[in-house]
Chemist: 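Below is the structure I would like to discuss, written out as structure tokens.
Protein chains get the first letters and strands the later ones, always in sequence-line order, with residue 1 at the start of each. Because only heavy atoms are used, hydrogens play no part in the values below, and waters and symmetry mates are left out as well, while side chains stay in.
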Amino acid sequence: MLRTRALSGGVHLDDRKISSGKPVEFAGIPPEIVLFMSQHTGAPAKPVVKAGDHVLAGQVVGEAQSFVSASVHASTSGTVKAVEDRYHPILAKPSTAVVIEPDGKGEIWEGIAPGSDDISTLSPEDIVKIARNAGLVGLGGAAFPTAVKLSPPKDKPIDVYLLNGAECEPYLTCDARLMVEEADEIVFGFRAMMKAVGAPRGIVCIEDNKPEAIMAMERAISGKSGIELCILKTRYPQGGEKQLIQVVLGREVPPPPGLPFDVGVVVSNVGTAYSLAKAIRTGMPLVDRVVTVTGAVGSPSNFRVLLGTPVSFLIEKAGGYTGEPGKVIMGGPMMGISLPRTDVPVLKGTTGIVVMTKDEVNLDKPLPCIRCGRCVDSCPLRLLPVWIAAYSDRGMYEEAEKYRALDCCECGVCAYRCPSRRPLVQSIRLAKQAIMEERRARAQKVSG
Amino acid sequence: MIEAILTLGISGLAFGVLLGVAARKFRVEQDPRISKIIEVLPGANCGGCGFPGCSGLAAAIVGGQAPVNACTVGGNAVAEKVAEIMGVQALAVAAKVAVVYCQGSLDVAEKKAEYVGIEDCRALDQLGGVKGCPYGCLGLGSCVKACKFGAMYMSPQGIPVVIREKCTGCGACVKACPRKIIELVPADKQVHILCRSYDKGPQVRKYCKLGCIACQACVRACPLKAISTDRGTLARIDYSLCDNCEICVSKCPVKTIVSYKVREEKAVS
């Protein structure tokens, strides 16, 4: 057993994993599937189908156009209704999407061929290629293209691969359930990932509030050389890539543009490992994922959801709202995005749908800062949220940049801990946006 | 006592002489035109010209980086004075005013969500807004806050209104709007299609009573062919062709097209 280090900052949250005992079930085929071309970090894919085309499950509908991008595949068979702009829940603006009307048959595309059940027959390049063709992205939330992650720069050798099963967000149980039910598949995918980057050592990291998942993974890794288990004390935001590396290995990832590569580490989510395993074994690209639908719904559940399924459909499946809904969050309650409407689809990076009632939602007006310093104490990146937010509120973005606003990972611990209920992380996010816009404008001026 | 007076007196005298000499010897030659131009500029330091305040613009005009009519706020009067100082012919400034291309006030556009948070349109834009329309006004008034001339106010129904007589065309509101629905338009153009939604007609009807449904009625009605549809879903006027005839205003079935001429005349009567 590995000894872990304490997370700097952070907070212990009431985890409220009310759906942890619910086995993953298939949510069903919805009446409409909306597949955004931009579901990942990087350049959007280019639609390669047009209205009226008949598509089959697993068929490419959007092709990746650059290195940091991911292809999008039809999640079920049906007719393409339109290729048009739809409201994108994360970008919060209209974005190109392929809209499919499912025929309910779920026919699989003839181009899907079963692959290998033996990792030793695959070269690292094969594994990267499978991840790329499967349109695989990190399923922990940030949706970074996995093929890019699996191709670290040659001058940066990777000695440890971390499999992230921390799931530190409250409410969410999709990773925990997956580990309980599909531990062997996850380990198969993890071994493939380790081979792709040439990492001799792999560590499965799980928080101690998931005993069932720990037991299942312990059994699955027994006898597999090079893979260890690391049990973490429950603390938010331990599941963040940089925080996990710090806690498990004691290595500190340099601030942006520093990446885990720089300290010889790659981190992937357990869901990603599972989907990679599936892509290797069956050839099926990323067309579904596990989503936790929880909070104030009739029966909080874990669903296997076809990508592009509307959120409203899932809430209905989970028994509808109980009480008056006050907030519907895509993702976890700490880092998720509050949705203004529920006709938006599940994306590759959607970990959960959390419904809060009116009573649970904080509608208090923020009070003046009392300089208690809790936000500073609890910032896992050791930033000064109070100052960055204060500069942001006054439109002083250059100063906010000097205080390293761009390093902020938006975990939200500062706003959670603030006794004056100040929207600190929201202010910092505004500053980040303004700084990035300014940089882009400057770059344009230079090039133009 | 005497010593103190003497010490202070002598040192004061010595420093005075020193400063006097330094002022002569190390004098920085500044173009006298700069201070003259600063005097004639409005002095609001609004930044509408793109330079850091009025003194920044004055230096830029003298340095040749900006034309003499760069100050939109001062208009023709200031441009003439600056041209006189610079000894060149003044080109007429086309007076521009801001136009808000959205009429989606709360009685017109359906409110789908509540928002509690930072009172800044950019913060709300990151969440997608509270109305059904993903293109229209967010309604928190960042543009009104940005206006340094008191030329904008929020209507009781939550849509910014430009007081056309007060608007100087500095463009501060244009920059403040994250949805980019405010534009500077020549002041003599008074007919506008007040919508920026690229959604298709049926969808627009679902969330806004005054949104453009791209029915093409105005395109067909315009005798000067000044109206065309952008991406096939939004009518736009080419202002260089429009002569304020107002035929399109009467043809528009959803009343997206508005003439400020009518409004002004009504206000007079």
Chemist: Can you tell me if NZ on A/Lys93 sees more than 12 non-hydrogen neighbours from other groups inside 6.0 Å?
Modeler: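 Incorrect, the count does not exceed 12.
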
Chemist: Can you tell me which portion of B/Lys131 sits under 4.5 Å from chain A's heavy atoms? Options are side chain, backbone, both or neither.
Modeler: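 Neither part.
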
Chemist: Side chain, backbone, both or neither: which part of A/Arg422 has a heavy atom under 4.5 Å from chain B?
Modeler: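 For A/Arg422, neither part sits under 4.5 Å from chain B.
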
Chemist: Identify the heavy atoms of B/Ala123 and A/Leu430 that sit nearest to each other, and give their distance.
Modeler: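 So the two residues come closest at N-CD2, 3.6 Å.
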
Chemist: Which pair of heavy atoms, one from A/Gln433 and one from B/Gln126, lies closest together, and at what distance?
Modeler: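 For A/Gln433 versus B/Gln126, the nearest heavy atoms are OE1-NE2, 2.7 Å.
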
Chemist: Please report the closest heavy-atom contact between B/Ala113 and A/Pro340, naming both atoms and the distance.
Modeler: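 Looking at all heavy atoms of both residues, the closest pair is CB-O, 3.9 Å.
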
Chemist: Looking at B/Leu127 and A/Ala92, what are the two nearest heavy atoms and their distance?
Modeler: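 Here B/Leu127 and A/Ala92 meet closest at C-CB, 3.8 Å.
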
Chemist: How long is the straight-line distance from CD of A/Gln426 back to CZ of B/Arg122, given to the nearest 0.5 Å?
Modeler: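 Going from CZ on B/Arg122 over to CD on A/Gln426, the span is 13.5 Å.
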
Chemist: Please name the pair of heavy atoms, one in B/Pro134 and one in A/Tyr87, separated by the smallest distance, quoted to 0.1 Å.
Modeler: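 Distance-wise, the nearest heavy atoms are CB-CD1, 4.0 Å.
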
Chemist: Rounded to the nearest 0.5 Å, what separates atom OG in A/Ser392 from atom CD1 in B/Ile118?
Modeler: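 Output value for this atom pair is 6.5 Å.
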
Chemist: So how far is it from A/Lys365 NZ to B/Glu119 CD, rounded to the nearest 0.5 Å?
Modeler: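 A/Lys365 atom NZ to B/Glu119 atom CD measures 5.5 Å (nearest 0.5 Å).
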
Chemist: Just checking A/Arg404: does its CZ atom have more than 12 heavy atoms from other residues, nucleotides or ligands closer to it than 6.0 angstrom?
Modeler: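 No, not enclosed.
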
Chemist: Above 12 or not: heavy atoms from other molecules or residues under 6.0 Å from NZ of A/Lys81?
Modeler: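 Atom NZ in A/Lys81 is packed in, count exceeds 12.
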
Chemist: Between A/Arg341 and B/Lys112, is there a donor-acceptor pair closer than 3.5 Å when you use the side chain of the first and the backbone of the second?
Modeler: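 No; judged by distance alone, with no hydrogens or angles, the pair does not exist.
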
Chemist: Are more than 12 heavy atoms, taken from residues, nucleotides or ligands other than B/Tyr239, located less than 6.0 Å from that residue's OH atom?
Modeler: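 Check passes, neighbour count above 12.
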
Chemist: For atom CD of A/Glu398, is the number of surrounding heavy atoms from other residues, nucleotides or ligands below 6.0 Å larger than 12?
Modeler: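 No - once you tally the heavy atoms of other residues, nucleotides and ligands closer than 6.0 Å, there are 12 at most.
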
Chemist: Which atoms of B/Tyr135 come close to chain A, meaning under 4.5 Å heavy atom to heavy atom: side chain ones, backbone ones, both, or neither?
Modeler: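 For B/Tyr135, the side chain is the part near chain A, not the backbone.
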
Chemist: So does B/Glu114 have more than 12 non-hydrogen atoms from other groups sitting under 6.0 Å from CD?
Modeler: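 For B/Glu114, atom CD is not crowded (no more than 12 foreign heavy atoms under 6.0 Å).
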
Chemist: For A/Glu84, is it the side chain, the backbone, both or neither that has a heavy atom under 4.5 Å from a heavy atom of chain B?
Modeler: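 The side chain, not the backbone.
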
